[in-house]
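Have a look at the structure below before the remarks.
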Amino acid sequence: MSEDKKALNFLEHIIEEDLANGLAKDKLRFRFPPEPNGYLHIGHTKAIGISFGLGERYNAPVNLRFDDTNPAKEEQEYVDAIKRDIEWLGYHWAEERYSSDYFQELYDWAVLMIKDGKAYVDSQSSEAMAEQKGTPTQPGVDGPFRNRTVEENLELFSKMKNGDFKDGEHILRAKIDMQHTNMLMRDPIMYRVLHKHHHRTANDWCIYPMYDWTHGESDYIEQISHSLCSLEFKPHRELYDWFKETVYSYAKDKYPMQPKQREFARLNLSYTIMSKRKLLKLVEEQIVTGWDDPRMPTISGLRRRGYTPNAIRNFVEKAGVAKRDNVIDVALLEFCVREDLNKTAPRVMAVLDPLKVVITNYPEDKVEWLEAENNQEDESAGFRKVPFSREIYIEKEDFKEEASSKFFRLQIGGEVRLKNAYIIKAESVVKDAEGNITEVHCTYSEDTEKRVKGTLHWVSIPHAIKAEVREYDRLFNDEAPDSHENKDFMEFINPDSLQIIEAFVEPSLKEAKAGDQFQFQRLGYFNVDNDTTNGHLVFNKTVGLRDSWAKQKPKPQQQKQAPKQTNHPQQGAKAINTINKLGKKYTNLPEEKQLKVRAEILELAKDVSYEELEPLFGTAVKKVGTRIAATLILSVKLDEGLERNPAINEFIEKALEDDNELLVQEASLLN
RNA sequence: UGGCCUAUGGUGUAACUGGCAACACGUCGGUUUUUGGUACCGAAGAGUCUAGGUUCGAGCCCUAGUGGGCCAACCA
């Protein structure tokens, strides 16, 4: 806990500082405040990981609080899904709360604010109010109802609460400053009239509080010490503090702690989108089968796809926390699942694209049950038996009639190992009328100790069971589909994001149950989908194995067109680069090392041409190290008989006038 | 015409009160291997957005600029 002091992120620094400044450790309290209007996605996992992670780190409570102030969009279904997802991720909340629990307390404070002249009822149309509000670059103006009397405000607000008005007729606004540079401070709305059934308070209320008012005060009521949210709420902080300080003056005895809001950049993942609204569109337009479609970046989608809580938590941890916009490479997510599944997933054999192999010297009705290790990464995983027979399937990709020496797999005349079984040698092929290979005839050898380059996975044809395999590709073809100004994210949808394959798997998989995870050897990680029924196995491909062979294949073509100008640096170019590097830090080095580096530069300078040196004369004044290096090179060149020219003289002169003693010293040696 | 945030290898994050820019992913080599996986070893790749300033010394502090983001819902 304390040994990784080095790697604190900026939020942890803030907390450490607060602790150092006297905040008691047992006052630390966090919260995760989702609005129950959609499913959680991988982006939320960052927020969850931050607040719950802090809770774990400091042994502080973390509340799960549903921010349920808008009955128009919120549903119990989402509450349930959110709880399920957080639990699945392995986090434990201290208390389950709802902003709606605080409606009465909030209302009472609002009344106090009216009495203090800090809130008023406005009765205009939303258009009129928007007009008065101004724009980010233009100040707003006061509306006609801004100076109603306290009595009038109290009466109207009470009638709003009692249901005497229709939706939209009146609102309650905080009275702050219509000319404020922060638009959120221009008399923000606190309550609107909404005759809607609420999933928790039913029909008790017909006014509902707005986010800024509710959220901050919910933090305050729960005595949250650090309220962490994403960057877009930064401008809200000013209002958060305004409300908080106002209410603090009413309730400081009951609630002594004033929460502190801090903001971090939210997580973006390459090749996907993270907006709930846009994800909802994918669901509604049936681009995907639902919120838990394995292609979705939702927690439920990832879960169905076979991602593990461990992998997701590690991913968020590795992605880090800061305040700049970011797009994290999906490759990192994939790395994290592989890392986890590699240790835990039992290995099995499955063939996705079958090619029939007949082992001609193996007896026709013989069957052997061979022993296979379940997971060499996990000794406790044990062994199982797999059946071997005369006719097997291998992967089409694993056979070529002839191939280069780089191809380690089966080819005519070549030998290859069958995983957990024998070594076979390809003798001949059978082709159909179009010339496609339909069978490969091989002979086997019982000498399994032989060294062969390749090992193939396989399944025995008579014992294989059929299974449906769903192979997924990214949902979007663009790295950042919702970041284009004139293009809708829907334009980037990848039409081939789902491939359904009829595969053959080893018989041990017959009893596999939904959720079970496996490594299909040499292919990737797969899990059993919940569409699986008694006679019909369905697998999702979670992620492929790393495949350095696949990376090699496209190479021959690329090489032809792009000889890829290798910077085959000649001696000189290399020397100048090295000198540049050495020069960069020259002034910061301890003296002893400086002398060494100086000698090194002088030696390397012999291989530098004047043409390479001259551009360095223009080095920024600030980069003293580089200028010293240039001076050193120059001294060598002058010794070698280089003639002085105006550029050289000017450079030396400028160096002599510099404030840096080292530079002046070196330059004066040239005179 | 404004306000706020932000800028470090391809990507993401570090660098405690200024002191030889580090880690992870990715990339490229190599060793081991009954998975072209894993593990292990190694390499390339950043003059820290620009220009000034302060300092013996700046990624870090100051000033100005530039690029990117956010802010005008009775959403959260």
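A, B, ... follow the sequence lines: proteins, then strands. Residue 1 opens every chain.
Of all nucleotides present, none satisfies the Watson-Crick or G-U wobble test against B:U38 with each distance under 3.5 Å. In this structure, B:G57 makes no Watson-Crick or G-U wobble pair, since no nucleotide meets both defining distances under 3.5 angstrom. B:A76 is unpaired under the criterion used here, namely a Watson-Crick or G-U wobble arrangement in which both key atom distances are under 3.5 Å. Applying the Watson-Crick and G-U wobble criteria (two distances, each under 3.5 Å), B:G2 pairs with B:C71. Across all strands shown, B:A7 forms a Watson-Crick or G-U wobble pair with B:U66, both key distances being under 3.5 Å. Base pairing analysis places B:A43 opposite B:U27; the two distances defining the Watson-Crick or G-U wobble pair are each below 3.5 Å.
Across all strands, A:E238 comes closer than 4.0 Å to no nucleic acid atom at all (heavy-atom distances). When heavy atoms are screened at a 4.0 angstrom cut-off, A:A319 is found touching the sugar-phosphate backbone but no base atom. Using a 4.0 Å heavy-atom cutoff across all strands shown, A:K406 reaches at least one base atom of the nucleic acid. The residue A:H236 sits close to a base: some heavy atom pair falls under 4.0 Å. Residue A:V452 is classed as having no contact, given no heavy-atom separation below 4.0 Å to the nucleic acid. Using a 4.0 Å heavy-atom criterion, one finds that A:N70 contacts the sugar-phosphate atoms exclusively. Looking at heavy-atom distances under 4.0 Å, A:N420 makes contact with a base. In this structure, A:M129 reaches the bases: a heavy-atom distance under 4.0 Å links it to at least one base atom across the strands shown. Residue contacts shown for A:T69 are limited to sugar-phosphate atoms, with no base heavy atom under 4.0 Å away. When heavy atoms are screened at a 4.0 angstrom cut-off, A:E35 is found touching the sugar-phosphate backbone but no base atom. Residue contacts shown for A:R417 include a base, since a base heavy atom lies under 4.0 Å away. Within the 4.0 angstrom heavy-atom criterion, base atoms lie near A:Q124.
Within the 4.0 Å cut-off from OP1 or OP2 of B:G36, not a single side-chain nitrogen or oxygen of A:R409 is found. In this model, the phosphate group of B:U27 is approached by a side-chain N or O of A:K551 to a distance below 4.0 Å at OP1 or OP2. At least one side-chain nitrogen or oxygen of A:H13 sits closer than 4.0 Å to the OP1 or OP2 atom of B:A15. When the side-chain nitrogen and oxygen atoms of A:T137 are compared with OP1 and OP2 of B:A72, none of them lie within a distance under 4.0 Å. Applying the 4.0 Å criterion to OP1 and OP2 of B:C4, one finds that A:K234 has every side-chain N and O outside that range. At B:U38, none of the side-chain N or O atoms of A:R338 fall inside 4.0 Å of OP1 or OP2 (strictly under the cut-off). For B:U34, neither phosphate oxygen OP1 nor OP2 lies less than 4.0 angstrom from any side-chain nitrogen or oxygen of A:T448. The phosphate of B:C75 (OP1 or OP2) has a side-chain N or O of A:R192 nearer than 4.0 angstrom.
Atom P of B:U32 sits at a distance of 23 Å from the matching atom of B:G26, rounded to the whole Å. The gap from the P atom of B:A7 to that of B:A43 amounts to 30 Å, rounded to the nearest Å. Rounded to a whole angstrom, the distance from the P atom of B:G65 to that of B:G42 is 48 Å. Here the separation of B:G59 from B:G19, taken at their C1' atoms, is 13 Å to the nearest Å. B:U50 and B:G30 have their C1' atoms separated by 42 Å, with the value rounded to a whole Å. Rounded to whole Å, the separation between the C1' atoms of B:A21 and B:U63 comes to 25 Å. Rounded to a whole angstrom, the distance from the P atom of B:U66 to that of B:U55 is 28 Å. Across the C1' atoms, B:G45 and B:A22 are found 14 Å apart, a figure rounded to whole Å.
One cannot find a donor-acceptor pair under 3.5 Å joining the base of B:U34 and the side-chain atoms of A:Q376. At a cut-off of 3.5 angstrom, counting only N and O atoms as typed in the model, there is no donor on one side facing an acceptor on the other between the side-chain of A:T455 and the base of B:U35. In terms of polar N and O atoms assigned as donor or acceptor, the side chain of A:Q179 never comes within less than 3.5 Å of the base of B:G2 in a complementary pairing.
Taking the ring centroids of A:W458 and A:F388, they lie under the 6.0 Å cut-off. Aromatic ring centres of A:F66 and A:Y98 lie closer together than 6.0 Å. Taking the ring centroids of A:Y78 and A:Y39, they lie under the 6.0 Å cut-off. Remark: aromatic rings of A:F157 and A:Y191 are close, center separation under 6.0 Å.
Considering only the side chain of A:L545, B:U35 comes nearest among B:G12, B:U38, B:U35. Counting only heavy atoms from C-beta on, A:P235 has its side chain closest to B:C70 among B:G36, B:G12, B:C70. Side-chain proximity of A:F233 to B:A76, B:U13, B:A24: nearest is B:A76. Taking only side-chain atoms of A:I171, from C-beta outward, the nucleotide of B:G3, B:G69, B:C74 with the closest atom is B:C74. Closest to the side chain of A:Q521, from the set B:G36, B:A14, B:U35, is B:U35. Distances from the side chain of A:N342 to the nucleotides B:U38, B:C5, B:G2 place B:U38 closest.
Between the side chains of A:D219 and A:Y240, at least one donor N or O sits under 3.5 Å from an acceptor N or O. At a cut-off of 3.5 Å, with distance as the only test, no side-chain donor of A:E75 or A:H199 sits close to an acceptor on the other residue.
Put simply, CD on A:E339 is 10 Å from P on B:C40, counting in whole angstrom units. One atom, CD1 of A:I189, and another, P of B:A72, lie 13 Å apart when rounded to the nearest Å. Per the geometry, CD belonging to A:E373 stands 18 Å off P belonging to B:G37, to the nearest Å. Distance A:N314 CG to B:C25 P: 12 Å, rounded to the nearest Å. Look at NZ on A:K276: it is 7 Å from C1' on B:A76, rounded to the nearest Å. Summarising the geometry, the separation between CG on A:N268 and P on B:G69 is reported as 12 Å, rounded to the nearest angstrom. Remark: P of B:C70 and CZ of A:F264 are 17 Å apart, rounded to the nearest angstrom. A straight line from CD of A:Q519 to P of B:G36 spans 10 Å, rounded to a whole angstrom.
Although no hydrogens or angles enter the test, the distance criterion places no donor-acceptor pair under 3.5 Å between the side chain of A:H180 and the main chain of A:D177.
Using a 5.5 Å limit on the distance between ring centres and a 30° limit on the angle between planes, the aromatic ring of A:Y211 does not count as stacked on the six-membered base ring of B:A76.
If you find the closest nucleotide of RNA chain B to A:K318 and to A:R347, the one lying nearer the 5' end belongs to A:K318. When the nearest nucleotides of RNA chain B are assigned to A:V327 and A:D67 by heavy-atom distance, the more 5′-ward of the two goes with A:V327.
The environment of A:K406 atom NZ is sparse: at most 12 non-hydrogen atoms of other residues, nucleotides or ligands sit within 6.0 angstrom.
Proximity of A:E35 to A:D68: side-chain heavy atoms (C-beta onward) are nowhere separated by under 4.5 Å. No side-chain heavy atom of A:K425 sits less than 4.5 Å from a side-chain heavy atom of A:S445. Between A:M190 and A:R173, every side-chain heavy-atom pair lies at or beyond the 4.5 Å cut-off.
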